[in-house]
Amino acid sequence: MTSLALSSLRRRPWPPILLAAVLAGGASWYAYAQLAPGDRGVPPIDSSSSYEVTGVQVDVAGRTADEARTAAWRMAQRKGWKILWARMHGASPDQAPGVPDSTLDSIVAGIEVESEQVGPHRYIATLGLLFDRGRTGELIGGGTSTPRSAPMLVIPIQYGGGGEQSFESRTSWQKAWARFRTGSSAVDYVRPVGTGADPVLLNLGQSRRPGRTWWRMLLDQYGASDVVVPEVYLERRYPGGPIAARFVARHGPDGEVLGTFTRIASGTGDLDHMLDEGVKQIDALYVNALGHGQLKPDPSLSIEEPEAPAADLIPDDAADPLAAIVEDVSTAQAAQFTVQVETADAATLDQAQAALRAVAGVRQATVASLALGGTSLLSVGYAGEIGALRAALAARGWKLEGEGATLHMRKGGASSTPASATSPPAQPKP
């Protein structure tokens with residue numbers, strides 16, 4: 001009897017009110033999970049932009065262990081300097097100029113021990129050296145083989161475990177990019193921390209978004225000119241066994257693939273080392289693309305200012321009214337004010353910005369505050385009469401209301417005039 005009652009309860013449909021409450025609660029929980037502070041956010045370990053040289057091998061003998069270690073570190077500084085100079089100039093390390101040890105002591109910011117074997121009279125190690133960019137730049141000079149790229153926003157995406165993640169939680173791939181020292185790379189990476197609104201703004205959906213309007217807003221917010229999307233696909237052969245990884249280097253809002261490669265880790269303990277090597281190899285792909293001119297910022301992501309007409313294109317016998325108009329427009333000062341727009345979705349905001357930018361005299365129309373589902377704020381610079389702006393927007397289906405420095409813009413346009421109001425008055429019959 002009890003099982004029959006339970007089965008009837010399972011088959012009974014949920015009341016609409018209860019179902020709506022459950023769905024609303026699930027949506028609010030999802031939004032909270034996306035934005036609530038928690039186990040997310042990995043700040044870059046090294047933001048000093050130091051030059052890095054890794055894999056310097058030394059093998060030195062001495063009377064004591066400390067004397068052997070000191071001599072080995074001196075030798076590592078000399079080798080590291082030659083490797084760095086050769087890398088920046090595209091030449092052989094043997095062609096690097098000699099630098100005194102006292103100078104090397106002042107430009108070396110740190111020494112990392114990758115592996116070492118210490119004996120009573122011998123020191124064998126593989127070291128990494130960090131060179132201070134400001135002090136080392138004067139010795140290296142400006143003749144570098146590869147130019148510096150424009151700022152590139154990094155959105156690392158990891159596939160594995162049945163889904164994909166970017167900044168929704170701390171992933172091993174994001175941690176690997178945080179550990180990567182970008183100072184020695186020719187690519188200027190902009191690495192978000194992953195806190196605040198990063199999980200919502202920088203995710204897989206955004207990396208596949210073809211529209212340029214949102215990309216312009218995001219790149220301007222993060223101080224970048226273009227975007228790179230390094231991806232890794234992780235596949236565990238069996239629990240506790242090898243982990244296969246496929247790396248993909250994407251560039252631009254269209255996701256252009258610049259190269260792919262695969263690596264295999266022996267187990268979970270070797271995963272971080274494999275991802276670190278994957279980051280370095282992806283960086284090499286980006287640097288190679290930069291050298292071949294493939295890592296240029298997408299022109300559609302930048303808004304070019306219209307060029308002023310050349311003086312020789314204006315005829316000398318131009319009419320005085322036209323010359324006065326050109327002079328007035330060129331000397332007009334753009335007034336700054338805030339426009340409130342009710343943005344139910346991203347498309348509404350895009351339409352409002354497009355309508356403002358299409359009006360002659362509008363110098364800028366940028367997002368000052370974004371609130372999808374609410375009221376967003378646009379910062380507008382306009383050179384002209386406010387009445388002309390209202391008329392131009394009304395012709396495009398928008399109403400501009402209010403006075404002063406804050407205006408309200410909404411859909412509606414100019415109200416149509418009744419036909420009876422426009423028809424001429426009836427003439428009295430004779």
Side-chain angles (χ1 to χ4, degrees), residues 42-146 148 175-189 191 265 269-284 287:
V42 183
I45 296 177
D46 179 31
S47 302
S48 59
S49 300
S50 301
Y51 294 115
E52 182 184 21
V53 177
T54 59
V56 179
Q57 299 180 356
V58 291
D59 185 355
V60 178
R63 291 177 296 180
T64 62
D66 292 339
E67 183 179 343
R69 180 189 291 107
T70 303
W73 285 13
R74 291 281 188 185
M75 180 183 296
Q77 290 184 168
R78 302 188 196 106
K79 288 185 176 181
W81 158 253
K82 292 183 178 182
I83 294 174
L84 177 62
W85 188 93
R87 179 195 302 169
M88 301 301 292
H89 289 268
S92 172
D94 299 334
Q95 300 177 2
V99 177
D101 290 337
S102 58
T103 304
L104 292 176
D105 291 340
S106 63
I107 65 176
V108 172
I111 298 179
E112 293 183 341
V113 178
E114 299 176 5
S115 64
E116 65 176 357
Q117 300 177 21
V118 182
H121 303 287
R122 192 176 181 184
Y123 183 81
I124 304 174
T126 301
L127 305 176
L129 294 96
L130 300 177
F131 292 87
D132 183 83
R133 177 179 290 270
R135 299 176 181 177
T136 310
E138 301 176 357
L139 299 176
I140 292 179
T144 58
S145 58
T146 304
R148 189 78 171 171
K175 293 178 182 178
W177 275 95
R179 290 191 299 266
F180 178 59
R181 301 185 186 276
T182 61
S184 57
S185 175
V187 181
D188 186 5
Y189 295 108
R191 295 176 290 180
D270 192 38
L271 177 61
D272 290 343
H273 177 70
M274 179 189 67
L275 294 179
D276 290 340
E277 295 299 321
V279 171
K280 294 178 182 178
Q281 193 165 346
I282 280 188
D283 173 66
V287 172

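Along the sequence shown, the residues carry numbers beginning at 1.
Residue A68 comes nearest to G62 through the heavy atom pair CB-N, 3.8 Å, listed as atom of the first residue, atom of the second, then distance. Residue A86 comes nearest to P93 through the heavy atom pair CB-N, 3.6 Å, listed as atom of the first residue, atom of the second, then distance. Residue F131 comes nearest to W81 through the heavy atom pair CZ-N, 3.6 Å, listed as atom of the first residue, atom of the second, then distance. Between D270 and A265, the shortest heavy-atom contact is OD2-CA, 3.7 Å. Scanning all heavy atoms of the two residues, the minimum distance from A65 to G119 falls at CB-O, 3.4 Å. Taking each heavy atom of A72 and V58 in turn, the nearest pair found is O-CG1, 3.6 Å.
The closest side-chain heavy-atom distance from D59 to R122 is below 4.5 Å. The shortest side-chain heavy-atom distance between L130 and V108 does not fall under the 4.5 Å cut-off. Residues E116 and I124 form no side-chain contact, since every pair of their non-hydrogen atoms from C-beta on lies 4.5 Å or further apart. At a threshold of 4.5 Å between non-hydrogen side-chain atoms, the residues Q77 and V99 do not count as touching. At least one side-chain heavy atom of V287 sits less than 4.5 Å from a side-chain heavy atom of V187.
Between the side chain of E112 and the main chain of L127, no donor-acceptor pair closer than 3.5 Å is present. Between the side chain of K79 and the backbone N or O of Q57 there is at least one donor-acceptor pair closer than 3.5 Å. With hydrogens and angles disregarded, no donor-acceptor distance shorter than 3.5 Å links the side chain of W85 to the backbone of G80. Panel note: side chain S106, backbone T103; a donor-acceptor pair is recorded below 3.5 Å. Side chain of H121 to backbone of R63: a donor-acceptor contact under 3.5 angstrom is found. Checking side-chain atoms of T64 against main-chain N and O of E67 turns up a donor-acceptor pair under 3.5 Å.
A distance of 5.5 Å separates CZ of F180 from OH of Y189, quoted to the nearest 0.5 Å.
The pair D101-R78 meets the salt-bridge criterion, with a side-chain N (NZ, NE, NH1 or NH2) lying under 4.0 Å from an Asp/Glu carboxylate O. Salt-bridge annotation for K280 and D283: absent, with no side-chain N of the basic residue lying under 4.0 Å from a carboxylate O of the acidic one. For the pair D276 and R179, the salt-bridge criterion is met [side-chain N within less than 4.0 Å of a carboxylate O].
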**Request:** For the pair V56 and L129, evaluate side-chain contact (heavy atoms from CB on, under 4.5 Å) and give the outcome as yes or no after the intermediate values.
**Result:** CA-CA 8 Å; V56 179; L129 294 96; 3.8 Å; yes
